[in-house]
Amino acid sequence: MKKFIYLFVIVFFFFLSYEKQRIIFCYLGDTASCHNVGYCNEIGDNNTKINLEKAKKYYEKACQKDFMPSCNNLGLIMQNENKITQAREYFEKTCDLGEVRACNSLRASYFQNEPKEIYKSAKISAHTCDKFNEPTGCLFAGLLYIGADDVLEKDKVDLKKGAYYLGKGCDLDQNESCYQLGDFYRTNKELEKSNKYFKKGCDLNHTISCAALIVNYSIEKPRDNEKITKYAEKICELNESFVCYLSGMIYMGLDKTIKIPIDTAKGKNYLKKGCAGENNESCYYLGRIYAYDEKNYEKGNKYYKKACDLNNSNACNSIGFHYENGFGFEINLKEAYKYYKKACENLKNNYGCGSLGYLYLVGNMAGDVINSPEFYEKSCKFNDGENCANLENFLKNYDFIDRDYNKAKELLEYSCDEKVPQSCGVLGTMYEFGKGASQDIFVAKENYKKACDLGYKLGCDELKRLEND
């Protein structure tokens, strides 16, 4: 009979749900089972529907027996329900039981939730640092005690204690602690100590520490350009694309503030890393190097296009110019118009606006320009055109542009006001010949003079010619 009863109990138990099995074990004194029932009801696991009240009930059973995960989870639930006082009680109990995560939650609660008690937050951070060697606790204790962001009451600030905890965090390889301690010593004008901690932070791959070293070495006299370059390279290796751009510019000799031996291969390599990291200036300068220094327009245009896609206005203008004049492409004024339009209207590039205005001007005048070869030749030269001789070929694809002389004049005037000498020169030709503007030799001279004053020799030549007529 007993065997039959035992067999019945086993079979009955086997067909119970996971939750009911755990409940039985919980009431038989198994604390972990109480926690498991609470967890299943909290997250809806093992075919159990979410029931927070039930979860809290079983977590409480486990927590009363000092089961740390249950106490911590109760704290988190209370915090989510905005029951801050109760949450802190559970976090404090769990922290006292030795659960670091609960100590961090308690610290964060006193720091972030009302009523805030910053000094308690500092003491709890120090506790986790001292008792558990927990690096984040060391960092927060250090920051609070040194008075970072003025959040701790002034009479509670303790610089010596703050430096101690930041130093301990740094010793535990918490790179932010190294940086903050370096910054603390820099503020106190102890550059040697500052560099020591910035260097360790940088060695621990903290990019801001590396950048801080660059700043320190930049203000030293004489400047240590080799160390500046070394740490810029390190930041680039940490995938900071803007610093890859700066490193590339330094090695290409394009950054005049830092003088080291030029190494174009290394410079291009860093610019490529910057471009791969979507730094549009890196892509733009690679385009310039390949197109103008090496005359490899195909490669240059590839980088210009990527830079333009990343909203570099100079690159959009350059790729438009290449389409207009056939550098690495068949001449395609429609594509030139598209890129000039993006450079001008989307990205407010003054050169792009000048080039777009010129396309409007010549396109709008169409056949009339053919009857005015002298105007066309002068305006084209001012616009840096490379195909001025073949006028009919140059004009044949302009039919896509709306007929709007005012737009042409408006864009060229904007560009000239933004100190683009070519645009001032084109405006001069418009007023001189009465094309797209009322003929006015006086205004023509004014615009030629603007081009001349901006260093454009052709403007000086045209101004001199008119004055001598």
Side-chain angles (χ1 to χ4, degrees), residues 202-203 205-215 217-218 222-330 332 335-336 338-340 342-343 347 349-352 355 384 386:
C202 184
D203 290 342
N205 296 332
H206 189 262
T207 55
I208 301 176
S209 294
C210 303
L213 276 172
I214 292 173
V215 172
Y217 288 128
S218 296
R223 282 173 51 154
D224 194 329
N225 288 334
E226 286 188 10
K227 285 183 178 176
I228 290 171
T229 307
K230 170 186 172 183
Y231 288 108
E233 289 178 25
K234 167 82 175 181
I235 297 173
C236 176
E237 296 300 331
L238 295 172
N239 295 319
E240 291 291 335
S241 59
F242 175 70
V243 181
C244 297
Y245 156 68
L246 293 179
S247 299
M249 297 291 281
I250 291 169
Y251 276 113
M252 296 300 297
L254 297 171
D255 185 331
K256 305 302 180 186
T257 63
I258 298 178
K259 298 192 180 298
I260 62 169
I262 290 174
D263 186 331
T264 54
K266 192 177 272 192
K268 280 197 288 189
N269 184 48
Y270 281 116
L271 288 174
K272 284 176 182 176
K273 286 183 178 180
C275 184
E278 301 199 339
N279 175 267
N280 65 27
E281 286 290 329
S282 297
C283 303
Y284 169 65
Y285 274 98
L286 279 170
R288 276 185 55 176
I289 291 163
Y290 282 116
Y292 291 101
D293 295 347
E294 301 182 12
K295 304 301 180 189
N296 186 337
Y297 293 113
E298 186 178 346
K299 218 167 192 179
N301 289 337
K302 170 186 142 186
Y303 284 108
Y304 277 149
K305 278 194 169 183
K306 181 168 183 181
C308 180
D309 289 343
L310 293 168
N311 292 330
N312 184 288
S313 66
N314 289 323
C316 296
N317 184 57
S318 296
I319 204 77
F321 183 76
H322 285 194
Y323 270 117
E324 181 184 355
N325 295 290
F327 292 140
F329 301 115
E330 290 291 324
N332 188 329
E335 284 294 300
K338 179 179 86 174
Y339 282 102
Y340 286 148
K342 179 174 181 179
L347 303 173
N349 182 279
N350 50 4
Y351 282 89
S355 299
D384 284 347
E386 299 290 329

Nearest non-hydrogen partners of [X] and [Y], listed with the distance:
X: Ser313; Y: Asn349; answer: OG-ND2, 3.0 Å
X: Tyr231; Y: Cys210; answer: CB-O, 4.0 Å
X: Tyr270; Y: Ser247; answer: CG-CB, 3.9 Å

For the residue pair [X] and [Y], establish whether any side-chain heavy-atom pair is separated by less than 4.5 Å.
X: Ser218; Y: Ile214; value: yes
X: Val243; Y: Thr207; value: no
X: Ile262; Y: Met252; value: no
X: Ile289; Y: Glu294; value: yes

Go through the steps for Asn239 and Lys273 under the test side-chain hydrogen bond (donor to acceptor under 3.5 Å, both in side chains), then give the verdict.
-> CA-CA 8 Å; Asn239 295 319; Lys273 286 183 178 180; over 6 Å; no
Spell out, as yes or no, whether a donor-acceptor pair under 3.5 Å connects the side chain of [X] to the backbone of [Y].
X: Asn317; Y: Ala343; result: no
X: Asn314; Y: Tyr351; result: no
X: Tyr284; Y: Cys308; result: no
X: Lys342; Y: Cys316; result: no

Euclidean distance, [Y] [atom2] relative to [X] [atom1], rounded to 0.5 Å:
X: Met249; Y: Glu281; atom1: CE; atom2: CD; value: 7.5 Å
X: Tyr339; Y: Ser318; atom1: OH; atom2: OG; value: 12.0 Å
X: Lys268; Y: Tyr290; atom1: NZ; atom2: OH; value: 4.0 Å
X: Asp224; Y: Thr229; atom1: CG; atom2: OG1; value: 9.0 Å
X: Tyr340; Y: Glu324; atom1: OH; atom2: CD; value: 4.0 Å
X: Asn312; Y: Lys305; atom1: CG; atom2: NZ; value: 15.5 Å

Flag yes if more than 12 heavy atoms outside Phe242 fall under 6.0 Å of its CZ atom; otherwise flag no.
-> no
Between Glu335 and Lys338, is the closest basic N to carboxylate O distance under 4.0 Å?
-> yes
Kindly assign one of parallel, tilted or perpendicular to the pair Tyr323 and Phe329, based on the angle between their ring planes and the thresholds 30° and 60°.
-> parallel
Parallel, tilted or perpendicular: which describes the rings of Tyr304 and His322, with under 30° parallel and over 60° perpendicular?
-> perpendicular
